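For reference, the structure discussed in these notes is given below.
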Amino acid sequence: MTSSTYALVSDRLVLCAMVVYVLAMLSLAVGSALTSRGRRRAAVADRLPSAVALTAARGATVTVDRGLPEPDLHGSSPRSAPGTTRLTAIGTSLLGLGLVLTVAGIVARGAAAGRVPWSNMYEFTVVGVAAFMAAYLVLVARPRTRVLLAAGVWIAGAAGLFLGLALTVLYTPAAGLIPVLDSAWLVIHVAAAIVAGGLFTVGAVASVLHLVQLRRERRRGVGSASSRAETLEQAAQTAYTIAFPIWTFAVIAGAIWAENSWGRYWGWDPKETWAFITWVFYAAYLHAQATAGWRGKKASWLGLAGYLAFLFNFIGVNIWVGGLHSYAGV
Amino acid sequence: MPATSPTILARWAWRQLTSMRTAVALLALLALAAVPGSLLPQRNVASDPGAVAAFIRENPRISPLLDRLGLFEVYASPGFAAVYVLLLVSMTGCVVPRCLKLWRDSRRSTPAAPRTLVGTTSGRRVALETDVSTALDLVVPLLRRRHRRVRVVDHEVRAERGQVRELGNLLFHLSILVLLAGIALGKLAGFEGRVAIIEGQSFTNSVAQYDEFTPAALTDVDALEPVSLTLEQFDASFAGDPESRGEPRSFEATVRWSGADGEEAEQVIRPNAPLDVNETKFFLTGHGYAPRITVTDGRGEVVFSGPTIFYPIDSSYTSDGILKAPDARPGQLAFQGLFLPTAEQVDDGAPFSSFPAPVNPRLLLTGWTGDLGLDTGEAQNVFTLDTSNLERIGGGDDRTMLAPGETMRLPDGLGSVRFDGVSRFANFQIAHDPGKEISLVAGLMLLLGLTVSLTVRRWRVWVRVQPDPQVSTGLVIVEVGGRSLTKRRSDEQALAAEIDRITDDLVEATTPIPGRASTREHEGAIQ
Ligand code: HEM
């Protein structure tokens with residue numbers, strides 16, 4: 001294939017991925033609507049004492065009998081109708097398919113341009129979607145962060161929206177690199193930033209859902225240690241905790257690259273400054289989670305402040321502020 | 001607030017300053033304090049030296065106020081410094097004592113289990129049909145798999161893991177201080193400078209030869225690395241395909257340099273690939289055109305000859321420049337020039353450059369004659385021309401467009417100008433930062449410490465084995481509990497999972513009798 005065929009194939013794959021994400025969103029939305037109706041009905045049954053409820057009360061449990069069903073601590077109701085869980089499963093599989101298509105699109109793009117495919121806003125966005133979708137699917141497969149299943153609709157919607165923006169507003173044809181971007185540190189620095197960004201995005205979605213759920217639970221007067229809000233918060237914390245060292249690495253790699261190309265490793269360029277602001281907000285978040293009086297709601301807001309700084313760095317700085325990094329090409 | 005004696009007050013203030021709550025607040029404050037500097041242009045920041053002056057010119061009303069508030073120098077302002085100094089003091093005062101305590105703790109043995117193990121967040125209790133010493137023998141290897149310092153005291157097993165996490169935490173926080181030391185050293189003893197060199201010309205590393213030189217407080221400006229270099233050739237290539245036409249593709253500056261001990265070499269400097277002579281580095285940061293022009297005056301004498309740097313003003317390298325010939329007679333001469341590497345003209349419109357490479361180079365000149373003011377001894381900027389005492393040659397006709405080799409004859413016997421051809425120049429940023437290695441090491445320490453502190457889980461686990469108080473059953477009661485010593489919730493979950501694993505493995509190893517075990521279940525649930 002010639003490079004222009006690769007470019008065309010890449011664009012088509014990204015378009016398909018976008019469509020698949022939208023389908024996933026629909027499937028997940030219907031699934032979750034049906035589930036919450038099912039849960040309301042099941043709520044009546046919840047008041048009856050049951051063996052499950054007893055085993056679920058951690059800390060006062062004696063259990064050797066493995067014959068009892070696993071207690072459900074993660075918020076997904078085991079009582080929902082089989083059809084609805086199937087819709088959720090289909091939606092999640094579609095997300096996986098979307099990821100495969102996105103990655104294929106990225107690979108084809110790399111083949112078309114003859115370089116790593118992350119060096120302008122269009123490519124950052126597409127690779128970023130792949131990164132956060134991968135982060136999401138990995139986290140959702142782990143029992144401790146399974147609660148993120150509830151965030152699937154939003155994740156799918158965000159992926160579809162980002163790809164839509166990429167294909168319309170940010171689109172740039174595949175081409176070679178301008179010389180200052182031609183560096184191994186670029187590959188490392190940007191790749192790390194994108195991976196961290198993917199995890200930050202998943203964490204931000206979980207944090208928003210956590211805040212929403214917190215309000216809902218407060219109104220209803222629930223709020224035990226195993227509440228749904230709590231599990232969402234834990235999922236967000238896991239995402240941020242993995243992302244933070246990766247982001248730190250991205251900033252250090254960026255400093256090394258800057259030293260290599262401009263002779264100084266830190267110069268308060270707007271891009272650098274916002275990377276620093278992002279870093280400091282997430283450091284504040286990690287502290288808050290270990291500080292009485294800051295855990296929970298306030299901490300989530302700090303995490304979201306970090307995400308806003310990250311987003312502004314990616315979008316706002318490129319478009320409105322400029323600086324040395326502005327050659328990234330909008 | 002207790003307002004008794006000054007010592008008590010001071011101690012109270014210190015406790016407040018070094019509390020985690022203060023740390024969170026100061027971190028949030030630091031993030032916010034960094035924002036204005038990214039939205040307003042800053043002095044002494046590398047990207048664009050003229051940005052502040054330009055902003056002040058465009059916003060004359062609010063600029064003096066912004067300036068008085070220090071908003072053009074945010075990162076060097078006392079307010080910003082106050083936030084990070086407080087943060088660093090708070091950090092040191094918080095983390096160091098904490099780690100000293102940890103050091104003492106780690107030399108002591110794991111404390112005894114709390115009285116009710118089942119009451120800990122993830123505690124469990126099982127009844128096993130075995131005897132106490134067998135149960136203890138089974139428990140110890142189960143704990144050894146993931147814990148250190150497993151110790152049996154009476155009927156209790158104590159185990160601990162993850163102390164290295166605190167070491168990571170200390171390493172991380174202290175490396176921030178080291179990083180600051182590295183930055184400070186660079187700011188105190190390094191330098192940064194800029195110079196533009198035309199093909200064929202040379203540069204010697206001494207302050208006088210720089211276009212711009214910014215030393216730090218302790219830089220010894222007379223002891224710069226003795227190196228000189230000549231720009232032999234500069235090559236640039238640009239994309240020609242229609243979609244990305246004119247985008248740069250490669251820049252290469254070929255230089256010949258010689259250093260202190262007579263070593264001499266030729267090297268190609270590219271973006272991201274500087275020339276490094278004993279830690280003084282030459283970075284290629286830009287390039288442009290220097291048209292070669294010869295000016296002959298009315299007497300037929302050559303009063304100006306050679307390449308002149310023209311600065312690019314757009315991405316197609318339309319460039320402008322000034323040349324002055326004060327020795328010209330009968331009148332002094334000066335020219336404002338516009339250089340177009342690939343000149344194009346649509347109908348009668350103004351000529352423009354459509355491509356950055358010199359495909360169709362043209363030079364447009366506007367001539368002036370009169371008193372250049374060069375004799376007054378006042379410092380003159382070579383890049384600006386004060387035309388107030390000058391008269392426009394040709395009375396304001398359209399500028400003449402010259403191709404290489406062409407000559408323009410000036411009216412009134414003033415002389416002539418010849419466009420000989422075009423050379424290129426390259427911009428170099430030259431920097432020396434003696435604190436760089438320290439900062440790099442600090443960065444790596446920071447990353448290592450952070451990774452350890454975020455990935456290692458630290459907790460204590462206790463297992464208590466007791467004979468069943470109801471002697472008749474012949475069972476032993478095993479309680480398993482733990483305490484996470486980090487405040488992360490995911491660590492609590494992991495601890496709970498570990499306690500489940502230990503309990504289940506223990507249960508499996510002793511094959512309990514299901515009927516009896518389930519009778520114990522209700523008792524436990526009620527407790
Ligand atoms: C210079 C700014 C600071 C930064 C960038 C920073 C960053 C961090 C980060 C990212 C963590 C997370 C590591 C973990 O959870 O194990 C952490 C933990 C910690 N920080 Fe800081 N910190 C700073 C200042 C401070 C200050 C001022 C204090 C004390 C007042 C402090 C005390 C602690 C403590 C005690 C922990 C461990 C928390 C835990 O037990 O989970 N730090 N810090």
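No hydrogens, no waters, no symmetry mates; every other heavy atom, side chains included, goes into these values. All values reported here derive from a predicted model rather than from experimental measurement. Lettering of chains follows the sequences in order, A, B, ..., and the numbering in each one begins at 1.
Only the side chain of A:L286 comes within contact range of chain B, judged by heavy atoms closer than 4.5 Å. When heavy atoms are compared at a cutoff of 4.5 Å, A:W266 does not approach chain B at all. Of the two parts of B:L454, the backbone and the side chain both hold a non-hydrogen atom closer than 4.5 Å to a non-hydrogen atom of chain A. Only the side chain of A:T238 comes within contact range of chain B, with at least one heavy atom under 4.5 Å from a heavy atom of that chain. For A:E233, the part lying under 4.5 angstrom from a heavy atom of chain B is the side chain only.
Applying the ring-ring contact (aromatic ring centres under 6.0 Å, His included) rule to B:Y84 yields the partners B:F80; only residues at least two apart in sequence or on another chain are considered. Residues meeting the ring-ring contact (aromatic ring centres under 6.0 Å, His included) test with A:Y240, sequence neighbours left out: A:Y282, A:Y285.
Residues B:Q429 and B:R194 have side chains that bring a donor and an acceptor to within less than 3.5 angstrom of each other. Neither side chain, B:S484 nor B:D491, offers a donor N or O lying under 3.5 Å from an acceptor on the other.
Note on A:A305, A:A309, A:A235, A:P245: by heavy-atom pairs under 4.5 Å with chain B, the leading option is A:P245. Chain B forms more heavy-atom pairs under 4.5 Å with one residue of A:F276, A:F249, A:W294 than with any other, namely A:W294. Ranked by heavy-atom pairs under 4.5 Å with chain A, the list B:L32, B:D276, B:T455, B:I183 is led by B:I183.
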